Asks: 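One structure, as C-alpha cells, below. Some questions next.
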Protein chains: 2
Amino acid sequence: MLGNMQQHTLGVAALIDFADRNHGDAEVVSRRVEGDIHRTDWRRIAARARRIARWLDACKVGQGERVATIAWNGYRHLELYYGVSASGRVLHTLNPRLAPAQLAWIINDAQDRVVCFDATFLPLVQAVRAQCPSVAHWVLMSDADRMPSGDDYYYLENYEVLLHAQPDNLYPWPQLEAHAASSLCYTSGTTGNPKGVLYSHFSTVLHAYAVALPDSLNLSSRSCVLPVVPMFHVNAWGLPYAAALTGAKLVFPGPALDGKSVYELMEAEAVDVAAAAGVPTVWQMLLDHMDAQGLRFSTLQRTVVGGSACPPAMMAAFRERYGVDTIHAWGMTELSPLGTVNTLKKSLLALPQEEQLARRRTQGRTVFGVDMRIVDSQGADLPFDGHSPGELLVRGPWVVQRYFNQPTDAVEDGWFRTGDIATIDPDGYLQITDRAKDVIKSGGEWISSIEVDNIAMSHPHIAAAACIAMPHPKWDERPLLVVVRKPGVALSAQEVLAFMEARLPKWQVPDAIEFLDTLPMGATGKVVKHQLRQRFASAALETA
Amino acid sequence: MLGNMQQHTLGVAALIDFADRNHGDAEVVSRRVEGDIHRTDWRRIAARARRIARWLDACKVGQGERVATIAWNGYRHLELYYGVSASGRVLHTLNPRLAPAQLAWIINDAQDRVVCFDATFLPLVQAVRAQCPSVAHWVLMSDADRMPSGDDYYYLENYEVLLHAQPDNLYPWPQLEAHAASSLCYTSGTTGNPKGVLYSHFSTVLHAYAVALPDSLNLSSRSCVLPVVPMFHVNAWGLPYAAALTGAKLVFPGPALDGKSVYELMEAEAVDVAAAAGVPTVWQMLLDHMDAQGLRFSTLQRTVVGGSACPPAMMAAFRERYGVDTIHAWGMTELSPLGTVNTLKKSLLALPQEEQLARRRTQGRTVFGVDMRIVDSQGADLPFDGHSPGELLVRGPWVVQRYFNQPTDAVEDGWFRTGDIATIDPDGYLQITDRAKDVIKSGGEWISSIEVDNIAMSHPHIAAAACIAMPHPKWDERPLLVVVRKPGVALSAQEVLAFMEARLPKWQVPDAIEFLDTLPMGATGKVVKHQLRQRFASAALETA
C-alpha cells in the first residue's frame, strides 16, 4: 500500500525558488577575477538564473544537454548552478587544473554544448577549443567591456551581453523527474581516463539536507559561509545548494586565496564557517598571515577540511591561538561528496581533552543517508572496533551507481567500493588509513603508507615523503620510502631509517630510503604514488 | 536524461538501522505508566523492534495492514514506531482523548488488525472492543506480571510475553517502495467524521531531515529531547524519527505531565530541548512549580510550542526568569506536521529587542520542502506584506494528497487548502490570524475571531472567551463574544464591551456579549466554535 502524500518533486528549481521567495535579501558576496568586491543577493541570483534558462532556450540547448563551466567561486558560477540545472540542463563543472589534453578529452566525453569560463582561463580555452567540436558556445564570464579584442577571439560570446538580452521575469521551470540528471563532475583518476559522476536532482537535494544538519556543516539563515573548496570540485561540497536550502549568506573568494585576501574577506563579511578541500595550503597561508600580522578572527567559528587530514599542529593552531574549531570531513566525487563529518557525540564530550582530540583527528561519523561497511580482502565484514583495517564500501541515495557513459554498474551487490582502506571505531568514527592501491601488503599484514608518510614528514629536515610498496619475493610487498629533503639540509638514508625505527614496529620500517628533488603531484595536489612505484619497481626487485 | 546515482530507498528501516549501528548507546529514558524510570538505548530499541516484526510475521499481519497504538510517550511506543513501519506494516496512532464511539469509528475505518495499548487505557479498550471486529489482537503494553486478572480480560495478550517469544537477531527488513505507507494519523475534525492521513516512508524521512535542521528543532548527537507532544499526535512532530536520524537521546514523560514530574525528569536527564503541542498547559504547570519552589533549569535551552500560540507572558517568563527560548512552530496532521518554525534570520538579529519579540510571536518561517501561498476568497494570490490576510495554501512532499479511504484528492491544482487565515510578511514570517470557518466576514472585511478572543482573555476577570460569527442581514456576519467569568467575580456585558471598545476598531467590537459557565472543548483542547454558533444563531437573527 502506498502512502497518500504529495508526489511533489524537490529539485534544484525548488531550491532557488525557496531562496528567492524566503531569503531574497540574504547576500551573496564575491571577490571577482577583476579584483573588486561584488555584492548581490538570492533574489537577484534567481532572476539572473531565469535569464540563463531563457538564453539556453534561445540557443536550443536541449533538456539533459551539458553546459560546462571553467570558473572560480563567484556569483556568476552560482547563477549557472541554478539557471542550467533548474531549467533541465546538466551543469558540468570542469577542473581548470587539468592539462589541456585531459580537459578536451573530458569535454568530448561529456559532449558539452556550451562552455562558460572566467577570464583567467582564456589561454586554456584557446588551447582546447579546436579539439572540442561539440561546443557551440564559448562564453566569457566577464563584464561586457572587458572582452579581449583581436582576431583570435572572434568566436567568444560575453556572458553579461547574453543575459542582458533576456527578460528576468517569471520563468516556468520544467517539471522534471525526481531522478533527472542535474550536474556532472569528473574524478581526476590517477590511472586510466577520468570518469564522470552524473548527479540527480533528488540526490542533490537530499545531500543538501544532510550537509546543512547540525552534525554536518550546521547551516542556518544566520550562517555566513565561505567555500574555499572550488565549485568545480564536487559542487563545492554541495554548499551552493545547502546555502539556498537554509537561506545562508555566501561569500566567494574568487581566485584570491592568499592569506591576506582570505582573511580580509572573512572579516569584512563576518564569515562564521569556511570549508576547504584537499591539502590545506590555504589555511596555512591564512595562519601565516595572521601570525605575522598579529591578527584575530572576529566571527569565524569553524573551518571544515575535507579531502585530506588537517595536520594536528594546524588544528591546534586554529583552536588554541584563534579559537576556531577544525572539523574533518571525508567524501568523494562518487559520494556527492559527503560521507562523514567529524563532530563529537555527547558521550565523547566527557572524555579527557587528549582523547577528544584523538577522535577529532579521524574523518568523523557518517551522516544519515550513507551506509558504510569495511571488508577484508575476501569481502568478509570486519568489526567496527577501531583497529581492523578493511576496504570501505558505501551505499546510499547520493552514492554513484554507474559512471557517465559507462555501460556497466560501478557497484557490487549494491555497494560502491571506495578504494580506501579504513578502520571504524565502536562510536562510528572512520579513520582512512590508506588507499587500497597504496597500502603495503607485507606477509599478510597491511602497512599504511600514509602513516609512514606522516611519521617521515614530522622529521624537521624532510619536506615531503611518500612510502610505496615494492614487490618482494618472500613478503609479497615491502615498503620503500621516497624522501624530499628541505632545501640546504644534509640528511642521510641512515638518519632517516634511525628516525623511522624509533617510531614504527620493526616490520613496518621501510627496507630502503630513496631521495628525490620533487614528488610527482596530481591535479588535486596529491602525490601520484603509482608513478613512484613504476620508477622504483625494477630497482627494488634487483636488490631484493 | 536520468542521473546515475543509487536508487537506494531511505525509509523507517534505514532510520532504525542507522541509530542501531551508529548511535547504539544513545539513551532512551522513559517514565513508565507504572511510575518508575526505565532506561534503554537505540541498540536495544532496534533489537526489540525486530522482535515486533517477527511477532507480526507470526500473526500473519500482512504488508500494509494497520497496527494501532493507544499509548503515552514511552519506549514501547517507540519500539512499535520502528517494528511496525520498518517491517512494512502501517503504524496507526490512536488518540485516547477521543470518545469511545469516535475511537471505534476510526478503528473500523482504518481496519486495524492489532491494537497495542497502555494499562491506562484498558477501560477505553473494554468500551470499544466489541465494536471493532477487524482487531485480532489486543495487546497490553505492560510487564508480564502486571496483567489484569478476571474473566473480563480473557482476550488480552501481553506485549512483553509476545516479544520474549521472538528472537532479536538480524531481521531482513523488506525492500519497500519509496512511497510505501508507513503510518496513519486521523485528524480530530470538529465537523464531520475524522479523516486519516497516510504518511509514506519517503515523506517521513524527508520530514525528519527538515525537523533536525538548525533552523528547525536543531537536533544533533549531542541533543537530549523531551517530547511532551504526544506520540499519538502526528507522530510527535516527527521527533521519534528525527532523533534516530541524528542519534539524539530521547526522554519520554509517560503520563506524568505535572510540573514536578516534568521538571525532575528534565533535570535528571539533562534535557536541552522540549517540544509541546496544543495549549501550553504543561508549560504553565512547569512554570508554576518552578516559581513556587524557586527552581532553575540546569540544561534546558529551548521549548518548542506548536499547535497554538504561546502567550507572550509565558514566553517572557521562560526567557527572562529561566533563560529558555520559546520557539513557535506551526503544523497540521496533513503536513506531517511541520510547516513553519520560528527562528530569527540574521537580518532580524540587528533589530531592537521589541521588534525581534514581535517576530518571535508569529508562527515563523517555512522550512525547505513546504511551499506556501495566501489567497483571497476568489483564489487570487495575496502579497507577502505582513498585513494582507488570506487562506493559506501549502504543497510539498510531506503534505497530504488524499485522505485515507477517500476516493478524491484533497488538493486543488496541486495545493492543499489549510483552512487557516494568515498573513506572511516580507521576511516570510507566517501569522495565523484565524481559522477560515471562524473568521467573521463583516461588510467585506475580515475580523479575526482569535484576535478578539485574546483581547477578551487579557481581562483579569475573564477565564475563557470565544468570538463567533452571527449571521446579520446587513453586514452578512457580525461578531458575538461568548465569555466565561473567573469564579466568584462579577462582570457585566457592559463592562466587557467597554473593555473591548478601548482595544479594537469600532467595526470589530462584538455586537453582543453572552455568558456561559464553560465552553465546548474538542479532543485537542480547542474551543469548538461551530457548536457555539449553532447555539446562538437563532437568537442573533431575532435580535438583529
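This structure is a prediction, so every number in the text was calculated from the model and none was measured. Chain letters run A, B, ... following the sequence lines, proteins first and then strands; every chain starts at 1.
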Asks: What part of A/Phe202 lies closer than 4.5 angstrom to a heavy atom of chain B: side chain, backbone, both or neither?
Replies: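 Contact with chain B: side chain only.
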Asks: Would you say B/Asn22's side chain and A/Arg365's backbone share a donor-acceptor pair under 3.5 angstrom?
Replies: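 Checking the backbone N and O of A/Arg365 against the side chain of B/Asn22, no donor-acceptor pair under 3.5 Å is found.
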Asks: Do the ring planes of A/Tyr209 and B/Phe368 sit parallel (below 30°), tilted (30 to 60°) or perpendicular (above 60°)?
Replies: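 Correct class here is tilted.
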Asks: Using a strict 4.0 Å threshold on nitrogen-to-oxygen distance, state whether A/Arg21 and B/Asp371 make a salt bridge.
Replies: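 Judged by the 4.0 Å cut-off on N to carboxylate O distance, A/Arg21 and B/Asp371 do not form a salt bridge.
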Asks: Please name the pair of heavy atoms, one in B/Pro397 and one in A/Leu10, separated by the smallest distance, quoted to 0.1 Å.
Replies: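 B/Pro397 and A/Leu10 have their closest heavy atoms at CG-CD1, 3.6 Å.
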Asks: Pick out which of A/Val197, A/Thr204, A/Leu198 makes a side-chain contact (heavy atoms from CB on, under 4.5 Å) with B/Met5.
Replies: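 With B/Met5 as partner, A/Val197, A/Thr204, A/Leu198 yield a single side-chain contact (heavy atoms from CB on, under 4.5 Å), made by A/Val197.
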Asks: Which atoms of A/Glu65 are under 4.5 Å from chain B, going by heavy atoms: the side chain, the backbone, both sets, or neither?
Replies: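 No part of it gets close to chain B.
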Asks: Where on B/Leu349 is there a heavy atom nearer than 4.5 Å to chain A: the side chain, the backbone, both, or neither?
Replies: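 When you check distances to chain A, only side chain atoms of B/Leu349 fall under 4.5 Å.
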Asks: At their closest point, which heavy atom of A/Pro214 faces which heavy atom of B/Ser220, and how far apart are they?
Replies: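 Of all heavy-atom pairs spanning A/Pro214 and B/Ser220, the closest is CB-CB, 4.0 Å.
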Asks: Give a yes or no on whether the backbone of B/Tyr199 and the side-chain of A/Asn4 come within a donor-acceptor separation of less than 3.5 Å.
Replies: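 Side chain of A/Asn4 to backbone of B/Tyr199: no pair is present.
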Asks: Of the backbone (N, CA, C, O) and the side chain (C-beta and beyond), which part of B/Ser203 lies under 4.5 Å from a heavy atom of chain A, both, or neither?
Replies: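 Interface part for B/Ser203: side chain.
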Asks: Which one wins on heavy-atom pair count under 4.5 Å against chain A: B/Asp409, B/Ile424, B/Leu348, B/Leu219?
Replies: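 Result: the option with the highest number of such pairs is B/Leu219.
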Asks: Of the listed residues (B/Met1, B/Gln401, B/Gln6, B/Arg222), which shares the most heavy-atom pairs with chain A below a 4.5 Å separation?
Replies: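 When all of B/Met1, B/Gln401, B/Gln6, B/Arg222 are compared, B/Gln6 has the most.
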